[in-house]
Number of protein chains: 2
Amino acid sequence: MTLGRPRAFDLDERLDRAMRVFWRQGYEGTGLADLTEAMGISRPSLYAAYGNKEALFRKAVAHYTAGPARHADAALAEPTARAVTEHLLRGTVRVCTSDENPSAGCLIVQGALVTGPQGAALREELALMRAEGERALCARYRRAQEEGDLPAGLDPADLARHVKAVTYGIAVQAATGTAPADLHRLVDMTLAAWPPPAPAPAPAPDGPELPAGR
Amino acid sequence: MTLGRPRAFDLDERLDRAMRVFWRQGYEGTGLADLTEAMGISRPSLYAAYGNKEALFRKAVAHYTAGPARHADAALAEPTARAVTEHLLRGTVRVCTSDENPSAGCLIVQGALVTGPQGAALREELALMRAEGERALCARYRRAQEEGDLPAGLDPADLARHVKAVTYGIAVQAATGTAPADLHRLVDMTLAAWPPPAPAPAPAPDGPELPAGR
DNA sequence: GCAGTTCGATACCGATCGGTACAGAAGTGG
DNA sequence: CCACTTCTGTACCGATCGGTATCGAACTGC
């Protein structure tokens with residue numbers, strides 16, 4: 001079997017290189033030339049092996065969640081809500097400031113956070129992935145409450161939204177150039193307040209702030 | 001004075017339209033065609049009036065900070081550290097989920113969060129603006145400590161980094177589709193923990209998490 | 001050897017990118 | 001009116017965009 005001339009490169013290894021380019025430059029900021037150069041293969045080889053740029057990006061995202069960002073899933077297996085949270089946050093810091101890609105941030109966050117019309121599909125898919133990650137975290141917190149591991153007065157959805165927001169904040173902070181040690185202190189602060197107090201009874205959506213519209 | 005044919009459009013009003021396009025699509029996701037169509041002017045008029053695409057983006061950012069996002073500066077004038085924080089966070093929610101641009105997020109965050117080589121200059125400039133905003137917030141917290149408005153045991157830089165991270169988180173959450181009411185509850189939670197406790201004495205940068213590198 | 005199949009590199013496709021030359025229209029000061 | 005200045009629209013520039021046709025090279029099975 002496996003008729004014909006064998007492929008001269010390793011699919012996964014080249015996909016890893018492509019992922020790194022997308023990670024650094026985003027979907028729209030990356031051209032075919034960037035990809036073929038980094039991957040060391042020609043354009044037709046890329047298309048034969050991965051489909052097209054959009055499909056390659058999707059594969060890169062899958063490679064990312066299964067590789068550098070697998071802490072996001074792994075965290076859910078921790079025994080307590082607090083350990084889940086710490087695992088998730090510390091892992092996020094580590095990924096967003098990996099040595100090879102110092103101020104990288106997170107591919108899921110910034111790979112296609114905003115796009116033109118032709119990137120709309122990917123943008124929405126990444127948004128869905130983020131929402132799904134939050135949903136999974138929410139479910140984990142709910143389970144923690146059932147196990148008596150987390151105070152029952154808290155809304156697990158609020159909690160998950162808050163923790164996820166911190167991970168997004170870490171990603172943007174990393175892209176802003178914040179040092180890993182500083183980001184770990186940010187995590188320290190979040191954990192020091194764990195479990196968070198129940199929010200006040202909603203201080204009116206229209207608070208003391210200015211009318212923020214222009 | 002004012003020789004020659006007068007300009008047939010209002011500079012500021014058209015700049016506002018351009019800002020909205022950049023806001024929605026980012027720098028790299030926006031083409032000249034998108035801009036000229038939204039602004040209702042021809043390409044040469046755009047170049048004569050604003051320079052080029054990059055210069056237009058810079059003007060759009062300035063228009064943004066002075067317009068929709070002026071809460072960021074205005075917040076610093078609040079009398080207490082807590083009021084500053086609430087003003088900043090609520091304003092961020094409002095801007096990131098403005099009616100005209102429901103899941104917009106923040107232009108400073110996502111206008112050029114990651115880019116290819118030709119967008120590198122803008123990317124770094126926006127990163128600098130974010131860092132500068134954090135620095136200003138830090139200074140404000142330091143003043144609050146001197147005024148006895150904030151416990152002295154906290155590091156103002158840690159505080160500013162944390163609050164800014166929450167605003168970034170809000171921006172990404174907005175782009176993910178989170179409803180304004182949910183984001184306001186996120187703000188509630190952050191404020192309920194205000195002022196935050198001093199972080200634990202750093203639980204070792206290498207905690208119980210997985211080795212996050214692939 | 002041969003037939004069949006798949007890979008890889010060159011060279012190219014139309015479309016779009018950001019940016020501009022040019023000429024006419026619309027205003028000013030004399 | 002004129003000379004002068006500045007704006008606007010058309011039409012175009014080279015470069016790059018994502019994507020592909022083509023053909024020789026390399027491999028398997030017979």
Side-chain angles (χ1 to χ4, degrees), chain A residues 1-15 17-19 21-22 24-61 111-112 114-123, chain B residues 1-15 17-19 21-22 24-61 111-112 114-123:
Chain A
M1 54 185 326
T2 65
L3 262 56
R5 177 176 173 178
R7 183 174 285 119
F9 58 91
D10 180 66
L11 268 181
D12 234 55
E13 188 240 339
R14 306 305 170 109
L15 174 58
R17 301 199 210 172
M19 178 200 70
V21 180
F22 281 131
R24 213 176 332 120
Q25 307 193 352
Y27 178 70
E28 283 180 329
T30 302
L32 269 304
D34 300 316
L35 292 168
T36 54
E37 187 189 358
M39 299 170 81
I41 64 178
S42 71
R43 218 171 281 221
S45 297
L46 189 155
Y47 276 80
Y50 305 97
N52 61 8
K53 185 189 169 187
E54 191 170 335
L56 176 59
F57 183 80
R58 287 199 179 87
K59 292 188 204 300
V61 167
V114 291
T115 68
Q118 70 268 42
L122 285 179
R123 183 186 64 224
Chain B
M1 52 183 329
T2 66
L3 262 56
R5 178 175 171 177
R7 183 175 285 120
F9 59 91
D10 181 65
L11 269 181
D12 234 55
E13 187 241 339
R14 306 305 172 108
L15 175 59
R17 301 199 211 172
M19 177 199 70
V21 180
F22 280 130
R24 214 176 329 121
Q25 308 195 351
Y27 177 69
E28 284 180 329
T30 302
L32 268 306
D34 300 314
L35 292 168
T36 53
E37 188 189 356
M39 299 170 81
I41 63 179
S42 70
R43 220 171 278 223
S45 297
L46 189 156
Y47 275 80
Y50 304 99
N52 61 8
K53 185 189 169 188
E54 191 171 334
L56 176 58
F57 183 81
R58 288 200 177 87
K59 292 188 205 299
V61 167
V114 292
T115 68
Q118 70 269 43
L122 285 179
R123 184 185 65 224

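Everything quoted here is computed from the prediction, not taken from an experiment. Below, chain A is the first sequence line, B the second, and so on; all start at residue 1.
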Would you mind reporting whether Leu15(B) and Lys59(B) have side-chain heavy atoms less than 4.5 Å apart? yes
Contacts of Gly4(B) and Phe9(B) projected onto DNA chain D by closest heavy atom; the upstream (5') one is Gly4(B)
Rounded (10°) bend between the five-pair end axes of the helix from dG1(C)-dC30(D) to dG30(C)-dC1(D): 10°
Here's a test of your reading of the structure: between Arg7(B) and Gln118(B), which maps to the more 5' nucleotide of DNA chain D? Arg7(B)
Could you go through residues 45-53 of chain A and list every donor-acceptor pair under 3.5 Å that involves a side-chain atom there, pairing it with any protein atom two or more places apart or in another chain?
residue: Ser45(A); atom: OG; partner: Ser42(A); partner atom: OG; Å: 3.2
residue: Tyr50(A); atom: OH; partner: Leu11(A); partner atom: O; Å: 2.7
residue: Asn52(A); atom: OD1; partner: Glu54(A); partner atom: N; Å: 3.3
residue: Asn52(A); atom: OD1; partner: Ala55(A); partner atom: N; Å: 2.9
residue: Lys53(A); atom: NZ; partner: Tyr27(A); partner atom: O; Å: 3.1
residue: Lys53(A); atom: NZ; partner: Thr30(A); partner atom: O; Å: 2.8

For Ala48(B), report the nucleic acid contact type (base, sugar-phosphate, nothing); a contact means any heavy atom under 4.0 Å. nothing
Please report the closest heavy-atom contact between Arg14(A) and Met39(A), naming both atoms and the distance. NH1-O, 2.6 Å
What is the distance, rounded to the nearest whole Å, between atom CG of Leu122(B) and atom C1' of dG18(C)? 14 Å
DNA chain C: 5'-proximal contact among Thr30(B) and Arg5(B) (nearest heavy atom): Thr30(B)
Whole angstrom value for the distance that separates P of dT6(C) from CG of Leu11(A): 15 Å
Heavy-atom pair with the smallest gap, counting every atom of Val21(B) and Ala38(B): CG2-CB, 3.5 Å
State, yes or no, whether a side-chain contact exists between Arg24(A) and Val114(B) at a heavy-atom distance under 4.5 Å. no
Sub-4.0 Å heavy-atom contacts from residues 31-46 of chain B onto DNA chain C, ordered by number: Gly31(B), Leu32(B), Arg43(B), Pro44(B)
NZ or CZ of Arg7(A) within 45° of Phe9(A) ring axis and under 6.0 Å: yes
Within 6.0 Å of CD in Gln118(B), more than 12 heavy atoms from elsewhere: yes
Apply side chain to side chain donor-acceptor pair (under 3.5 Å) to the pair Arg123(A) and Thr115(A), showing each step before the final yes or no. CA-CA 7 Å; Arg123(A) 183 186 64 224; Thr115(A) 68; 3.0 Å; yes
Rounding to an integer number of Å, can you tell me how far Glu54(B) CD sits from dG18(C) P? 12 Å
Quickly work out the Asn52(B) CG to dG18(C) P distance and round it to whole Å. 11 Å
Nucleotide dG19(C), atom C1' - distance to OH of Tyr50(B) in whole Å: 17 Å
Inter-residue atom distance Arg17(B).CZ - Asp10(B).CG, 0.5 Å rounding: 9.5 Å
Rounded to the nearest Å, what distance is computed from the OH atom of residue Tyr47(B) to the P atom of nucleotide dC17(C)? 11 Å
